[in-house]
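Here is the structure we will look at.
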Amino acid sequence: MSITENIKIFKDILPQGVELVAVSKFHPVSYILEAYNAGQRLFGESRVQEFLEKQKELPTDIQWHFIGHLQTNKVKSIIGKTALIESVDSEKLINIIDSESQKTGVVTNVLMQVHVAAEETKFGFYPQELLDYFYMGKHKNLKATHIAGIMGMATNTDDTAKIASDFKSISDIFHKLRNDCNLQLIGFDKLSMGMSGDWEIALKYGANIIRVGSAIFGTRQ
Ligand SMILES: *Cc1c(COP(=O)(O)O)cnc(C)c1O
(Lines give C-alpha, C1' and ligand atoms only; values in the text may rest on other atoms or scores of the structure.)
Protein backbone atom coordinates (compact mmCIF):
# COMPACT_ATOMS: atom_id res chain seq x y z
CA MET A 1 0.00 0.00 0.00
CA SER A 2 1.33 3.43 -0.92
CA ILE A 3 1.37 6.51 1.32
CA THR A 4 -1.27 8.07 -0.95
CA GLU A 5 -3.55 5.06 -0.58
CA ASN A 6 -3.06 4.95 3.18
CA ILE A 7 -3.99 8.62 3.54
CA LYS A 8 -7.12 8.08 1.43
CA ILE A 9 -8.15 5.07 3.52
CA PHE A 10 -7.79 7.01 6.78
CA LYS A 11 -9.75 9.97 5.37
CA ASP A 12 -12.54 7.58 4.40
CA ILE A 13 -12.81 5.66 7.64
CA LEU A 14 -12.20 8.30 10.29
CA PRO A 15 -15.41 9.77 11.71
CA GLN A 16 -16.12 13.49 11.33
CA GLY A 17 -14.35 15.51 13.97
CA VAL A 18 -11.38 13.17 14.35
CA GLU A 19 -8.08 14.70 13.27
CA LEU A 20 -5.34 12.54 11.81
CA VAL A 21 -1.77 13.50 12.66
CA ALA A 22 0.54 11.83 10.15
CA VAL A 23 3.61 11.07 12.26
CA SER A 24 6.53 11.60 9.91
CA LYS A 25 9.43 11.30 12.34
CA PHE A 26 12.47 9.50 10.86
CA HIS A 27 10.85 9.59 7.40
CA PRO A 28 12.23 11.76 4.58
CA VAL A 29 10.70 14.95 3.24
CA SER A 30 9.71 13.11 0.05
CA TYR A 31 7.34 10.89 2.07
CA ILE A 32 5.75 13.95 3.68
CA LEU A 33 5.25 15.50 0.25
CA GLU A 34 3.52 12.39 -1.00
CA ALA A 35 1.07 12.57 1.91
CA TYR A 36 0.71 16.31 1.34
CA ASN A 37 -0.18 15.74 -2.29
CA ALA A 38 -2.81 13.25 -1.14
CA GLY A 39 -4.39 16.10 0.86
CA GLN A 40 -2.80 15.60 4.29
CA ARG A 41 -1.92 18.89 6.04
CA LEU A 42 -1.31 17.81 9.62
CA PHE A 43 2.01 16.19 10.51
CA GLY A 44 3.71 15.16 13.73
CA GLU A 45 7.40 15.27 14.58
CA SER A 46 9.15 14.29 17.79
CA ARG A 47 12.66 15.77 17.57
CA VAL A 48 13.38 19.48 17.46
CA GLN A 49 16.26 19.47 14.99
CA GLU A 50 14.53 17.12 12.56
CA PHE A 51 11.31 19.11 12.78
CA LEU A 52 13.00 22.45 12.06
CA GLU A 53 14.95 21.06 9.10
CA LYS A 54 11.85 19.52 7.53
CA GLN A 55 9.66 22.54 8.14
CA LYS A 56 12.08 24.77 6.22
CA GLU A 57 11.83 22.57 3.15
CA LEU A 58 8.07 22.01 3.10
CA PRO A 59 4.94 24.00 2.18
CA THR A 60 3.97 26.65 4.71
CA ASP A 61 0.35 25.53 4.95
CA ILE A 62 1.39 22.36 6.79
CA GLN A 63 0.30 22.30 10.42
CA TRP A 64 2.89 20.76 12.69
CA HIS A 65 2.24 18.99 15.96
CA PHE A 66 5.24 18.45 18.17
CA ILE A 67 4.71 15.07 19.87
CA GLY A 68 8.04 14.13 21.46
CA HIS A 69 9.72 14.89 24.75
CA LEU A 70 10.74 18.53 24.56
CA GLN A 71 13.86 19.60 26.43
CA THR A 72 13.46 22.95 28.11
CA ASN A 73 16.58 24.39 26.44
CA LYS A 74 15.03 23.73 23.02
CA VAL A 75 11.67 25.37 23.62
CA LYS A 76 12.79 28.72 22.29
CA SER A 77 13.66 27.31 18.87
CA ILE A 78 10.16 25.95 18.16
CA ILE A 79 7.98 28.69 19.63
CA GLY A 80 5.75 30.17 16.94
CA LYS A 81 6.37 27.22 14.62
CA THR A 82 3.89 24.65 15.88
CA ALA A 83 0.11 24.41 15.63
CA LEU A 84 0.14 22.31 18.80
CA ILE A 85 2.73 20.98 21.23
CA GLU A 86 1.08 17.72 22.31
CA SER A 87 3.71 16.57 24.74
CA VAL A 88 3.88 18.96 27.69
CA ASP A 89 5.11 16.63 30.40
CA SER A 90 6.13 18.89 33.29
CA GLU A 91 5.24 22.11 35.02
CA LYS A 92 8.73 23.42 34.35
CA LEU A 93 8.24 22.85 30.62
CA ILE A 94 4.90 24.61 30.41
CA ASN A 95 6.27 27.58 32.34
CA ILE A 96 9.16 27.92 29.90
CA ILE A 97 6.80 27.57 26.93
CA ASP A 98 4.73 30.35 28.48
CA SER A 99 7.61 32.74 29.06
CA GLU A 100 9.13 32.13 25.62
CA SER A 101 5.71 32.62 24.01
CA GLN A 102 5.31 35.93 25.79
CA LYS A 103 8.75 37.07 24.63
CA THR A 104 7.90 36.11 21.05
CA GLY A 105 4.44 37.64 21.24
CA VAL A 106 2.52 34.48 20.32
CA VAL A 107 0.06 32.19 22.06
CA THR A 108 1.20 28.56 22.03
CA ASN A 109 -1.40 25.80 21.96
CA VAL A 110 -0.47 22.75 24.00
CA LEU A 111 -1.80 19.46 25.32
CA MET A 112 -0.84 18.09 28.70
CA GLN A 113 0.66 14.61 28.40
CA VAL A 114 -0.59 12.15 30.98
CA HIS A 115 1.32 9.02 31.93
CA VAL A 116 -0.87 5.99 32.57
CA ALA A 117 1.04 3.29 30.69
CA ALA A 118 2.86 0.56 32.57
CA GLU A 119 6.23 1.47 31.06
CA GLU A 120 8.61 3.52 33.15
CA THR A 121 10.00 5.11 30.03
CA LYS A 122 6.96 7.07 28.93
CA PHE A 123 6.91 10.74 29.77
CA GLY A 124 4.03 12.72 31.19
CA PHE A 125 2.30 13.90 34.32
CA TYR A 126 1.00 11.17 36.57
CA PRO A 127 -2.81 11.43 36.78
CA GLN A 128 -2.86 12.85 40.30
CA GLU A 129 -0.07 15.26 39.47
CA LEU A 130 -2.05 16.55 36.49
CA LEU A 131 -5.26 16.90 38.50
CA ASP A 132 -3.33 18.77 41.20
CA TYR A 133 -1.90 21.13 38.60
CA PHE A 134 -5.40 22.19 37.58
CA TYR A 135 -7.07 22.05 40.99
CA MET A 136 -4.35 24.29 42.39
CA GLY A 137 -5.30 26.70 39.63
CA LYS A 138 -1.81 26.84 38.17
CA HIS A 139 -3.13 27.00 34.60
CA LYS A 140 -4.67 30.36 35.48
CA ASN A 141 -1.19 31.88 35.73
CA LEU A 142 -0.38 31.16 32.10
CA LYS A 143 -0.32 34.28 29.97
CA ALA A 144 0.57 33.09 26.48
CA THR A 145 -0.18 29.37 26.55
CA HIS A 146 -3.50 27.77 25.75
CA ILE A 147 -4.07 24.31 27.16
CA ALA A 148 -6.34 22.68 24.56
CA GLY A 149 -6.65 19.22 26.13
CA ILE A 150 -4.78 16.04 26.93
CA MET A 151 -2.51 13.58 25.15
CA GLY A 152 -1.71 10.09 26.31
CA MET A 153 -0.37 6.73 25.28
CA ALA A 154 -1.48 3.24 26.21
CA THR A 155 0.87 0.54 27.39
CA ASN A 156 2.76 -1.09 24.54
CA THR A 157 1.13 -4.53 24.71
CA ASP A 158 -1.03 -6.96 22.71
CA ASP A 159 -3.48 -7.09 25.60
CA THR A 160 -6.40 -5.09 24.21
CA ALA A 161 -8.14 -5.03 27.60
CA LYS A 162 -5.11 -3.28 29.10
CA ILE A 163 -4.96 -0.82 26.19
CA ALA A 164 -8.67 -0.09 26.61
CA SER A 165 -8.31 0.47 30.34
CA ASP A 166 -5.38 2.86 29.76
CA PHE A 167 -7.42 4.87 27.23
CA LYS A 168 -10.37 4.89 29.60
CA SER A 169 -8.16 6.31 32.37
CA ILE A 170 -6.90 9.08 30.09
CA SER A 171 -10.41 9.84 28.85
CA ASP A 172 -11.78 9.94 32.42
CA ILE A 173 -9.17 12.55 33.43
CA PHE A 174 -9.97 14.60 30.33
CA HIS A 175 -13.71 14.62 31.06
CA LYS A 176 -13.30 15.26 34.75
CA LEU A 177 -11.28 18.39 34.02
CA ARG A 178 -13.37 19.50 31.08
CA ASN A 179 -16.65 19.20 33.00
CA ASP A 180 -15.48 21.10 36.07
CA CYS A 181 -16.72 24.67 35.67
CA ASN A 182 -14.61 25.92 38.59
CA LEU A 183 -11.48 25.28 36.57
CA GLN A 184 -12.61 27.74 33.91
CA LEU A 185 -11.03 25.76 31.10
CA ILE A 186 -11.92 27.32 27.77
CA GLY A 187 -11.35 25.50 24.51
CA PHE A 188 -10.24 22.42 26.42
CA ASP A 189 -11.59 19.98 23.85
CA LYS A 190 -8.80 17.90 22.38
CA LEU A 191 -8.17 14.31 23.41
CA SER A 192 -5.16 12.87 21.58
CA MET A 193 -4.83 9.10 21.94
CA GLY A 194 -4.15 6.23 19.60
CA MET A 195 -1.31 5.27 17.28
CA SER A 196 -0.96 2.77 14.40
CA GLY A 197 -1.64 -0.27 16.55
CA ASP A 198 -4.37 0.99 18.81
CA TRP A 199 -6.20 3.95 17.24
CA GLU A 200 -9.44 1.98 16.80
CA ILE A 201 -9.60 1.32 20.53
CA ALA A 202 -8.75 4.98 21.24
CA LEU A 203 -11.71 6.13 19.14
CA LYS A 204 -14.05 4.06 21.31
CA TYR A 205 -12.88 6.09 24.29
CA GLY A 206 -13.47 9.41 22.59
CA ALA A 207 -10.13 10.32 21.03
CA ASN A 208 -10.50 13.19 18.58
CA ILE A 209 -6.85 13.31 17.55
CA ILE A 210 -5.00 10.16 16.54
CA ARG A 211 -1.27 10.08 15.80
CA VAL A 212 -0.41 7.54 13.13
CA GLY A 213 3.08 6.88 11.78
CA SER A 214 3.91 3.40 10.56
CA ALA A 215 0.39 2.60 9.31
CA ILE A 216 0.81 5.50 6.86
CA PHE A 217 4.53 5.65 6.09
CA GLY A 218 5.69 2.09 6.81
CA THR A 219 8.31 1.05 9.34
CA ARG A 220 10.84 3.66 10.45
CA GLN A 221 14.56 3.30 9.70
C1 LIG B 1 6.03 7.70 17.04
C2 LIG B 1 4.84 8.18 17.76
C3 LIG B 1 3.56 7.92 17.26
C4 LIG B 1 3.28 7.09 16.03
O5 LIG B 1 3.61 5.76 16.24
P6 LIG B 1 3.17 4.62 15.18
O7 LIG B 1 3.10 3.40 16.00
O8 LIG B 1 4.23 4.58 14.14
O9 LIG B 1 1.86 5.00 14.62
C10 LIG B 1 2.48 8.45 17.94
N11 LIG B 1 2.65 9.20 19.05
C12 LIG B 1 3.86 9.46 19.55
C13 LIG B 1 3.96 10.29 20.78
C14 LIG B 1 4.99 8.97 18.93
O15 LIG B 1 6.20 9.23 19.46
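Counting starts at 1 for both ligands and their atoms, in listed order. These values consider heavy atoms only, across backbone and side chains, with no hydrogens, waters or symmetry-generated copies.
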> How are the rings of F123 and H69 set relative to one another: parallel (under 30°), tilted (30 to 60°) or perpendicular (over 60°)?
Replying inline: parallel

>> Classify the ring geometry of F217 against Y31: parallel below 30°, tilted from 30° to 60°, perpendicular beyond 60°.
In response: parallel

>> Counting non-hydrogen protein atoms only, what is the nearest one to atom 13 (C) of ligand 1? Give residue, atom name and distance.
In response: I67 O, 3.5 Å

>> How far is atom 10 (C) of ligand 1 from the closest protein heavy atom, and which atom is that?
In response: M195 SD, 3.2 Å

>> What verdict does the side chain to side chain donor-acceptor pair (under 3.5 Å) test give for Q40 and K11, after you've listed the backbone C-alpha separation in whole Å, the side-chain angles of each residue and the deciding distance to 0.1 Å?
In response: CA-CA 9 Å; Q40 182 67 22; K11 297 266 174 230; 3.0 Å; yes

>> Apply the hydrophobic cluster definition, ILVMFWY joined by side-chain contacts under 4.5 Å directly or through others, and give me every member besides V107.
In response: none

Just which atoms of ligand 1 are under 4.0 Å from any heavy atom in [X]?
X    : answer
S196 : 6 (P), 7 (O), 8 (O), 9 (O)
V212 : 9 (O)
G213 : 4 (C), 6 (P), 8 (O), 9 (O)
R211 : 4 (C), 9 (O), 10 (C), 11 (N), 12 (C), 13 (C)
M153 : 13 (C)

> Any salt bridge between D12 and K8, counting N to O under 4.0 Å?
Replying inline: no

> Which is closest to atom 15 (O) of ligand 1 in terms of heavy atoms, H69, K25, H27?
Replying inline: K25

> Does some non-hydrogen atom of E86 fall short of 4.0 Å from ligand 1?
Replying inline: no

>> Please check whether A215 reaches ligand 1 - meaning an N/O of the residue sits under 3.5 Å from an N/O of the ligand, judged on distance alone.
In response: no

> Has ligand 1 got any nitrogen or oxygen that is less than 3.5 angstrom from a nitrogen or oxygen of S46?
Replying inline: no

> Is V88 close to T145 at the side-chain level, that is, under 4.5 Å between some pair of heavy atoms?
Replying inline: no

> Less than 4.5 Å apart, any side-chain heavy atom of F51 and any of K81?
Replying inline: yes

>> If the condition is salt bridge (charged side-chain N to carboxylate O under 4.0 Å, His left out), which residues does K103 pass it with, not counting sequence neighbours?
In response: E100

